[in-house]
Structure formats: C-alpha cells, structure tokens
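Residue indices begin at 1 and follow the sequence shown.
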Amino acid sequence: TEGEGNLPKVVLTSPQGSEAEIYLFGGCITSWKVAGKDLLFVRPDAVFNKKKPISGGIPHCFPQFGPGPMQQHGFARNMDWSVVDSENVEGNPAVTLELKDGPYSRAMWDFSFQTLFKVVLNEKSISTELKVTNTDDKPFSFSTALHTYFRASIIGASVRGLKGCKTLNKDPDPKNPVESKEERDVITFPGFVDCIYLDAPGELQLNNGLGDIV
C-alpha cells in the first residue's frame, strides 16, 4: 500500500489483530501494534522523501554499524528493498525483503552481496531474521544491527537482564570509555546514558513505562 510521502509499504495483520508496517525504502519496520498500541517510535521530525533514512522504527545498520570508512551506519537504510516472498507461518503473516548491491552501494563498498530480511508477525511478538550472502568472488567483512526505537516514557522506563555484564561507559568521554560492571537488577534512566554492555544475554526485558513489558 501507499505510505507517507507516497512511499510503498507492506502491511502485515495477524488473525489476532496485531499489525506491522514495513517501508521498502530502507527495509524499515515503522510500526508494530499489539492490541492497538504501537510499541515502536518514529521521530516527529522523520522525513519520508528518500533524501535521508527514516528516523525511527527498526532501521538497518549494514554493512557498518556507527561511524567508519563509509557513511554512518552504512547504506542499507538508504536503499530500496524489494519483496521476494510472503507466506503464512502457522497462521501468521511473514514477508521476506531483499537488498542487493547497486551503483549506490558499490560507490561506498565495492562488493556483490544479497541480504534477505524476514519478518514474522505473531499475536504478541514480532521476529526478524537477516541473512547476508557473499555473491562476490572475494571475501568481505561487515557489521550489522537493527537499531530499534521503542515507544517509552523515559521517567518510567527500565531494563532488566544486564546484571553482571561488563560495561563501557561513554559518558562523559566517548573516546575514553570507563570500564565497570553492572551491579543493578533494574536499570533506569534518570539522565543522559551512553553505555555499552559486553556479552549481553540473548533476552532482555524492557518496561517501557507505559504499561508494556517487551
């Protein structure tokens, strides 16, 4: 269907009523609603004109996370993805998007590749899977991330599951992070936070301060 700025988007609806929206520009999930409540956040100043990435939802960082030899977070969030498959997974909708190299990507990263991004929407969850295939005749390395924006009240938001992890606190000096260890069961955000957690577990719990546990 047609989304903001006349950009094409895919809408998934589960039989139980949960919904998700995915823009083909950037392969970006911009909405995930459970029982009518959107658990994702898109910034009010986000633009939908292909001149910059969509600010919010679940944007891609590929083939680089953060700063580096190419533009911030790479190019995947600035390119058009295509739908290559849609299916019914145990009654739930699933769609697979594809991104391949082109002149825009090769100007920054001269490799041939294929990425497949599968999204499955369930009644109370959304799952994502990213597969990267090297279709070139030379090896390459990359980093990737799904840079999720969750809707939250910062006053009430908290995270569980990181106790015991080694931390790199980048506040106040991002270039000289302070090493420490997380001793708290529940992490809250009374002020500015910029902290990296090493060897984090596969499952964390976010209380968004709005009555939802993710």
J.: Would a distance-only check, ignoring hydrogens and angles, find a side-chain to backbone donor-acceptor pair under 3.5 Å from Asn134 to Lys138?
T.: yes

J.: Enumerate the residue pairs fulfilling ring-ring contact (aromatic ring centres under 6.0 Å, His included) with a member in residues 79-105, sequence neighbours excluded, ordered by first and then second residue.
T.: His60-Trp81

J.: Would you call Phe142 and Val132 a side-chain contact if the rule is heavy atoms closer than 4.5 Å?
T.: yes

J.: If Ile, Leu, Val, Met, Phe, Trp and Tyr residues are connected whenever their side-chain heavy atoms lie under 4.5 Å apart, and connections chain through other members, are Ile196 and Leu206 in the same group?
T.: no

J.: Could you tell me whether Glu179 and Lys166 have a side-chain N and a carboxylate O separated by less than 4.0 Å?
T.: yes

J.: Should Asp38 and Lys33 count as an ion pair when the cut-off is N to O under 4.0 Å?
T.: no

J.: Under 4.5 Å between any side-chain heavy atoms of Glu123 and Asn92, yes or no?
T.: no

J.: How about Val120 and Asn122: do any of their side-chain heavy atoms sit closer than 4.5 Å?
T.: yes

J.: Does Gln64 use its side chain to pair, donor to acceptor, with the backbone of Met70 at less than 3.5 Å?
T.: yes

J.: Quick one: list whatever passes side chain to side chain contact (heavy atoms under 4.5 Å, CB included) with Ala152, sequence neighbours left out.
T.: Ala157, Asn208

J.: So if you build clusters from Ile, Leu, Val, Met, Phe, Trp, Tyr with side-chain heavy-atom gaps below 4.5 Å, do Val10 and Leu7 land together?
T.: no

J.: So, does Ser143 use its side chain to make a donor-acceptor pair with the main chain of Phe65 at under 3.5 Å?
T.: yes

J.: Less than 4.5 Å apart, any side-chain heavy atom of Ser180 and any of Thr167?
T.: yes

J.: Can you tell whether the side chains of Lys163 and Glu182 come within less than 4.0 Å, N to carboxylate O?
T.: no

J.: Kindly check if the number of other-residue, nucleotide or ligand heavy atoms within 6.0 Å of CD1 (Ile213) is above 12?
T.: yes

J.: Kindly give the heavy-atom pair with the smallest separation between Ser158 and Thr188, and that separation in Å.
T.: CB-CG2, 4.1 Å

J.: For the pair Ser105 (side chain) and Gly102 (backbone), establish whether a donor and an acceptor sit closer than 3.5 Å, ignoring hydrogens and angles.
T.: yes

J.: Please examine the side chains of Met108 and Gln71, heavy atoms only from C-beta on, and report whether any two atoms are closer than 4.5 Å.
T.: yes

J.: With distance as the sole test, does Thr144 use its side chain to make a donor-acceptor pair with the main-chain N or O of Cys61 at under 3.5 Å?
T.: yes

J.: Hey, which of Thr30, Leu12, Leu121, Val11 is the one that makes side-chain contact (heavy atoms from CB on, under 4.5 Å) with Ile22?
T.: Leu12

J.: Could you walk me through whether Ile126 and Ile29 pass the side chain to side chain contact (heavy atoms under 4.5 Å, CB included) test, one step at a time?
T.: CA-CA 10 Å; Ile126 191 168; Ile29 302 173; 4.2 Å; yes

J.: Please indicate whether Asp199 has more than 12 foreign heavy atoms, meaning atoms of other residues, nucleotides or ligands, lying under 6.0 Å from its CG.
T.: no

J.: First locate atom OG of Ser153, then atom CZ of Phe189, and finally report the distance between them rounded to the nearest 0.5 Å.
T.: 12.0 Å

J.: Check whether any side-chain heavy atom of Cys28 lies under 4.5 Å from a side-chain heavy atom of Pro59, and answer yes or no.
T.: yes

J.: With no hydrogens and no angle check, is any side-chain donor or acceptor of Tyr23 less than 3.5 Å from a backbone partner on Glu4?
T.: yes

J.: Can you tell me if Ser18 uses its side chain to pair, donor with acceptor, with the backbone of Val34 under 3.5 Å?
T.: no

J.: Tell me whether Phe62 shares a hydrophobic cluster with Leu146, the cluster being built from Ile, Leu, Val, Met, Phe, Trp, Tyr side chains joined at under 4.5 Å.
T.: yes

J.: Going by side chain to side chain contact (heavy atoms under 4.5 Å, CB included), name the residues that satisfy it together with Val84, two or more places apart in sequence or in a different chain.
T.: Ser82, Thr96, Glu98, Leu116

J.: Can you check side chain to side chain contact (heavy atoms under 4.5 Å, CB included) on Leu97 and Leu24, steps first, answer last?
T.: CA-CA 8 Å; Leu97 306 185; Leu24 297 189; 3.9 Å; yes

J.: In terms of side-chain geometry, is the basic nitrogen of Asp212 or Arg151 positioned less than 4.0 Å from the acidic oxygen of its partner?
T.: no

J.: If you measure from the Lys or Arg side-chain nitrogens to the Asp or Glu carboxylate oxygens, is any gap between Lys175 and Asp173 under 4.0 Å?
T.: no

J.: Please evaluate residues Lys50 and Asn78 with respect to the criterion side chain to side chain contact (heavy atoms under 4.5 Å, CB included), reporting the C-alpha separation (whole Å), side-chain torsions for both, the decisive distance (0.1 Å), and the verdict.
T.: CA-CA 7 Å; Lys50 290 192 174 185; Asn78 293 302; over 6 Å; no

J.: Taking the side chain as C-beta and beyond, is there a heavy-atom pair between Gln72 and Arg77 under 4.5 Å?
T.: yes

J.: Looking at Phe41 versus Phe150, is the centre-to-centre ring distance below 6.0 Å?
T.: no

J.: Apply side chain to side chain contact (heavy atoms under 4.5 Å, CB included) to Phe140 and Trp109, showing your working.
T.: CA-CA 10 Å; Phe140 61 69; Trp109 197 62; 3.4 Å; yes

J.: For Ser112, does its backbone N or O pair with a side-chain atom of Thr135 as donor and acceptor, under 3.5 Å?
T.: yes

J.: To check you understand the geometry: which heavy-atom pair defines the closest contact between Asp101 and Phe113, and what is its length?
T.: OD1-N, 3.0 Å

J.: Phe117 and Thr128: which non-hydrogen atoms are nearest, and at how many Å?
T.: CE1-CB, 3.6 Å

J.: Just so I know, are the side chains of Thr1 and Lys9 near enough to count as touching, which here means a heavy-atom distance under 4.5 Å?
T.: yes

J.: If every non-hydrogen atom of Phe111 is compared with every non-hydrogen atom of Asp136, which pair is closest and at what distance?
T.: CA-OD2, 3.2 Å

J.: To the nearest 0.5 Å, how far apart are CG in Asp45 and OG in Ser55?
T.: 6.0 Å

J.: State yes or no: do Val178 and Leu198 share one hydrophobic cluster built from I, L, V, M, F, W and Y residues joined by side-chain heavy-atom distances below 4.5 Å, directly or via other members?
T.: no

J.: With rounding to the nearest 0.5 angstrom, report the OH to NZ distance, Tyr197 to Lys181.
T.: 13.0 Å

J.: Minimum heavy-atom separation for Val42 and Gly57, please, with both atom names.
T.: CG2-N, 3.9 Å

J.: Okay, side chain of Lys37, backbone of Leu210: is any donor-acceptor separation there less than 3.5 Å?
T.: yes

J.: Mind checking whether Val95 and Leu99 sit in one hydrophobic cluster, side chains of I, L, V, M, F, W, Y counted as touching below 4.5 Å?
T.: yes

J.: Could you report the tightest heavy-atom contact between Leu168 and Pro177, atom names first, then the distance?
T.: CB-CB, 4.0 Å

